[in-house]
Number of protein chains: 4
Amino acid sequence: MTEHQSTDKRGHILEVAQQLFAKNGFTATSVRDIAKEAGVNIAMISYYFGSKEKLLEAIFLAHSEVVGLQIKSVLQNDQLTPMEKLEKLLDGFVEKYFSQQSFHRLAQRMQLRNTDSPIMKVLHEMKQSNLDLLRQIVSEGQKKGDFKKNIDIPLLTATMLGTANQLMTTKAFYKEVNKLESLSEEAFQKHLKKKLSLHLKSIFKVLLKHEP
Amino acid sequence: MTEHQSTDKRGHILEVAQQLFAKNGFTATSVRDIAKEAGVNIAMISYYFGSKEKLLEAIFLAHSEVVGLQIKSVLQNDQLTPMEKLEKLLDGFVEKYFSQQSFHRLAQRMQLRNTDSPIMKVLHEMKQSNLDLLRQIVSEGQKKGDFKKNIDIPLLTATMLGTANQLMTTKAFYKEVNKLESLSEEAFQKHLKKKLSLHLKSIFKVLLKHEP
Amino acid sequence: MTEHQSTDKRGHILEVAQQLFAKNGFTATSVRDIAKEAGVNIAMISYYFGSKEKLLEAIFLAHSEVVGLQIKSVLQNDQLTPMEKLEKLLDGFVEKYFSQQSFHRLAQRMQLRNTDSPIMKVLHEMKQSNLDLLRQIVSEGQKKGDFKKNIDIPLLTATMLGTANQLMTTKAFYKEVNKLESLSEEAFQKHLKKKLSLHLKSIFKVLLKHEP
Amino acid sequence: MTEHQSTDKRGHILEVAQQLFAKNGFTATSVRDIAKEAGVNIAMISYYFGSKEKLLEAIFLAHSEVVGLQIKSVLQNDQLTPMEKLEKLLDGFVEKYFSQQSFHRLAQRMQLRNTDSPIMKVLHEMKQSNLDLLRQIVSEGQKKGDFKKNIDIPLLTATMLGTANQLMTTKAFYKEVNKLESLSEEAFQKHLKKKLSLHLKSIFKVLLKHEP
DNA sequence: GATGAATGAGCATTCATTCAT
DNA sequence: GATGAATGAATGCTCATTCAT
């Protein structure tokens, strides 16, 4: 009945830490900040995670466990054309990206650090996973003659993730430029998500599709 | 012949600070680190810039002064078609991006901070400048009937900068995936530059061009 | 039996800080000096008091809590004549002043700063308290016809505290002038206390008493 | 014709330094503060005075040169009774004190430091000078049978200087208590000067005069 | 004579972590 | 299992002073 309170606490600390790290950066976020925001004792962080660094790793480990999953089922669905699979991949990516904005902001920060910690391993796996999925779809499309040859898949994924990152980081700018200040936050997010999805789809399509 | 040493020193500190901030982040880079790397006394940073924060601002101010310049001449060249202008814009962007990688890495970090400091103003101006240039070219192309209507220019610039950022941040990954470890750093950079340039051009072309 | 060690430590820091601040001044006393003298880690000062400034305030707060107390009982004693009450007030003042010399030296320093900090509030209350007590006694004496009208009570208190301050600050000079170098420190203090007490009493008497 | 500018500058620095030291204390006043306020280069202070400490000494030396002067002529005036001489002494003291408030505030601070620097020598001489003058007058009055025997002259001077110091340091308090906020600064100073003068005179008179 | 540049020492404070309880 | 107390190291910054010009 009674969940171990520690489990809850651990999860709560992870959540709070992710948000603070995402917002202010790893170094600029003190263990005190996290403890205060999470409403726990300062010593708890070392107690639960060993160190601030290990806490960071724990955040990434928690995310690594859910990489790919529903996507893989898409791949194996023989009913869908490669292009349909691609669209589902992109939709899935955008959906997941929007639902985990603070994590992706943090991931972007960590990518910039480029140290050799377990974190980079997780990030590497995530990128690899995206790459492999796309590769399979493209490969299938090429075999069927739907897609061009000579596709630079790493560059494509760079555009996918890069555009999402850039859009998300500068969304205030985007809002202002497009005079969308009147929209509620929720409506704006929805608008952005749709825009990004369509934008990526149109890029991928024209780059992959054989000209008739 | 003898440059004022002070000018050199100030500039040298700026250079070193930019690289360290880019590499390790603002908070994780200590004034002592910068002073040591630049071979100057710690107190010199306060002496020249007032504070660590002001030093950061000085880096951005130094870059804001050279925003857009050669590009503008391109715009006014009546000999060029809109598509040629677009290509020159993208070439110029990629060229500048590659020659100022550490600055762009730093800019990426600062964008993630999203505080309201003079830095954001400079970044805002840079983005706005890119946006305006592209807007003019697109507008001209649309008038001439070369380009489609309904182009989401902010999204396009997000793809431009986002792809560059993502590619640069994960270039080690890109190198590994594409089995380019044998290339010299210089050759790899050249390869990457060409790839990115072509990639962006093809994206922009297909998104802008009227289908025949 | 076992006092909380933390309480002791906090109190000990307060004590040491008061003495160093009194001796060398606030700014001239470093947190390091206090920590070293008190035998605690430097970080403890921030830990216990938040900052050097707050530590100073804590010293004054500790003293504000014991302002007036035994004196008030004197006031309510109907057995005593106003003049007797006055004598008791002055004796009490001198006694307290001598037993808290380092605090009064510090208070003198802080009075000279004249900033608007919580410290000034405490000092103000102390002065006001002295003033009010004296006012009551004088008022009672005037009603009974023992004391003159038109007594400038603030000036009287200035003489009381000013004389004590000046005597204490220049006690080495006083010792030398009066050739009291042979006296032990204790004996000298006793001598000084008696002298000051008599001196203040005679001043107050002649200024307050109705000439016959 | 042309006064050495340096002389002016030196004097100006002395003046500014005295005021800042008086207001904020020696340690809390930085050489930069003085240089800025005086409108001179930072290096000037070391250049003219050797060090910050020496600058402080220079301030006191400048004042030591004018100790006692007009007072001595009073002493030798055979027309005046001892009591008249005493009044003139007190008037002179109050007058000088009010015209050099910032110096006396600084002197009070230095007295509290009690280090063995040339400054203490100057302060010592000043006190000694006051003491000697008073001693002569009292001695003369005693010989003439006007004054009591057994006068504690050091205590008397402590009251004189102490009351002046205390009144000056807490003059804001005095103003408030006496509801004198409506007075102009000038009028208030005049009022205070008169009050202090009368107060000291009445104290000295009753303590010195033989009861009839 | 006068000064901008530069320095090393010191400042108060905050940090992540450890430890005794 | 959980925590307040405590620590040493590091932080950004200011200091009085010196020096080359």
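Only a predicted model underlies this, so the values are computations on that prediction, with no experimental measurement involved. Here is the naming used below: chain letters follow the sequence lines, and residue numbers restart at 1 for every chain.
Each of I42(C) and R32(D) was assigned the nucleotide of DNA chain E with the nearest heavy atom; the assignment lying further toward the 5' end belongs to R32(D).
Taking the ring axis of Y48(C) as reference, the NZ or CZ atom of K9(C) does not stay both within 45° of it and closer than 6.0 Å to the ring centre.
Between Y48(B) atom OH and dT14(F) atom P there is a gap of 17 Å when expressed in whole angstrom units. Rounded to an integer number of Å, the gap from NZ of K9(D) to P of dG1(E) is 12 Å. In this structure, CZ of F49(A) is placed 16 Å from P of dT18(E), rounded to the nearest angstrom. Atoms CG (L20(D)) and P (dA16(F)) sit 12 Å apart, rounded to a whole Å. Atom CD of E53(D) and atom P of dC15(F) are 17 Å apart (whole Å). What separates CD1 of I34(A) from P of dT14(E) is a distance of 17 Å, to the nearest Å. Summarising the geometry, the separation between CE on M44(C) and P on dT7(F) is reported as 6 Å, rounded to the nearest angstrom. When rounded to the nearest whole Å, the span between CZ of F26(A) and C1' of dC15(E) equals 12 Å.
Between atom CD of residue Q108(A) and atom CG of residue L106(A) there is a gap of 10.0 Å, rounded to the nearest 0.5 Å. Taken from CG in L123(D) to NE2 in H63(D), the straight-line distance is 11.0 Å, to the nearest 0.5 Å. To the nearest 0.5 angstrom, I59(C) atom CD1 is 9.0 Å from E15(C) atom CD.
As the counterpart of dT7(F), dA16(E) is assigned, both hydrogen-bonding distances of the Watson-Crick or G-U wobble pattern falling under 3.5 Å. Nucleotide dT21(F) has dA2(E) as its partner under the Watson-Crick or G-U criteria, with both atom distances under 3.5 Å.
Regarding contacts with the backbone of dC13(F), every side-chain N or O of K52(B) stays at 4.0 angstrom or more from both OP1 and OP2. At the phosphate of dG4(E), neither OP1 nor OP2 sits under 4.0 Å from any side-chain N or O atom of Y47(B). When the side-chain nitrogen and oxygen atoms of N41(B) are compared with OP1 and OP2 of dA6(E), none of them lie within a distance under 4.0 Å. Phosphate contact (OP1/OP2 of dG12(F), side-chain N/O of S51(B), threshold under 4.0 Å): absent.
Here T29(A) lies in heavy-atom contact (under 4.0 Å) with sugar-phosphate atoms only. Within 4.0 Å of S46(B), counting heavy atoms only, lies at least one base atom of the nucleic acid.
No hydrogens or angles considered: a donor-acceptor pair under 3.5 Å links the side chains of Q18(D) and S102(D).
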